[in-house]
Amino acid sequence: MTSFSQRIARAADNKKSRIVLALDPPSNKPDLQDFAIKTINAVEQHICAIKMNFHLILPLSAAEISQINKTAHSCGLQSIADIKLNDIENTNQVAVDHLVEMGFDAVIANPFIGKGGLAALVQSAHKVDAGVIALVYMSHPGASEGYGLEEKGGRPLYNTFLGRAAEAGADGIVVGATQLEILKQVAKQGIPVYSPGVGAQGGDLENAIKSGANYLIIGRAIVEAKEPVRATKEMQSRILAVGK
Ligand code: BMP
């Protein structure tokens, strides 16, 4: 089996899209499994992966989530579990086992767990052909209060997180599309950059790609659009037009 990084790169090539669809419905949305499957089937030609967060992982059963992942796979898409894993080694390992069992291809984790913890997580994920994407700098305004903190000597925490991700052999890193200077800086590391924050959070699609984002994680700008297919297609074309 190929690695997650290879699988998502291939999906991006096949679909000519670097959009990771965040399947994030509002909390009052009924029939969540139906919503997820219909949305995937509607936009699958214009995305390379889906990402599920607590919006679906909390209310749905494992069987329902597996069915959504099967739909994604049958469309040639990868599926990422976004639970921002941040726990002791044993708990992280059990979480990865359950997520892989449900059909997820990769998990997002927080390097705050430390160098050893992140390395152990990557190793256990790779054993079952799953990927790990490490948070390096989040997209929300408060991110500077954590990821932007300076260690003794003035080194920002996100640089340490980037180093941990590289050392651990993580398959990708998350940097907000709202953080263009940091995007430019960390993109030089050569680890695929997954960038949320375009659209609803105010990030600019073209600037994020030009600054080094390899994949754009996009939720509400698609899911809550009047015409989700048209919105996805339009963003796919804009990414292609940047041509990077
Ligand atoms: P939206 O495009 O609707 O803002 O959604 C972005 C998605 O990416 C959400 O699922 C959010 O939890 C996630 N995310 C983020 O917005 N910023 C980060 O730094 C990391 C994330 O995983």
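We count ligands from 1, going down the list as the structure has it; atoms in each ligand are counted the same way. These numbers come from the heavy atoms of this one structure, side chains and all, not from hydrogens, waters or symmetry mates.
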| query | Quick one: nearest non-hydrogen protein atom to atom 17 (N) of ligand 1, plus distance? | reply | S139 OG, 2.7 Å
| query | Who's the nearest protein heavy-atom neighbour of atom 12 (O) of ligand 1, and how far? | reply | N53 ND2, 2.9 Å
| message | Would a single hydrophobic cluster contain both V132 and V193, if residues Ile, Leu, Val, Met, Phe, Trp and Tyr are joined by side-chain heavy-atom contacts under 4.5 Å? | response |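 Result: no, two separate clusters.
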| request: Could you tell me which atoms of ligand 1, counted from 1 in the order shown, lie closer than 4.0 angstrom to a heavy atom of D82? | output: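 Contacts of ligand 1 toward D82, numbered from 1: 13 (C), 22 (O).
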| message | Under a 4.0 angstrom heavy-atom cut-off, which atoms of ligand 1 come close to P196? | response |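 Every atom of ligand 1 under 4.0 Å from some heavy atom of P196: 8 (O), 14 (N), 15 (C), 16 (O), 17 (N), 18 (C), 19 (O), 20 (C), 21 (C).
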Are any of the N or O atoms of [X] closer than 3.5 Å to those of ligand 1?
X    : answer
H140 : no
H55  : no
G219 : yes

| said: Under a 3.5 Å cutoff, is there a donor and acceptor pairing between the side chains of T178 and Q201? | reply: no
| Q179 and Y158: side chain donor to acceptor below 3.5 Å |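 There is no such pair between these side chains.
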| said: Tell me whether E224 reaches ligand 1 (any heavy atom closer than 4.0 angstrom to a ligand atom). | reply: no
| task | Specify whether F4 and Y194 have parallel, tilted or perpendicular ring planes, treating 30° as the upper limit for parallel and 60° as the lower limit for perpendicular. | result |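 Taking Y194 first and then F4, their aromatic rings lie parallel (interplane angle under 30°).
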| task | Show the numbers, then the answer: is there a side chain to side chain contact (heavy atoms under 4.5 Å, CB included) between I40 and I68? | result | CA-CA 8 Å; I40 293 168; I68 298 171; 3.6 Å; yes
| said: Quick test of your reading of the structure: of R220, Q201, K84, M138, whose heavy atom lies closest to atom 16 (O) of ligand 1? | reply: Q201
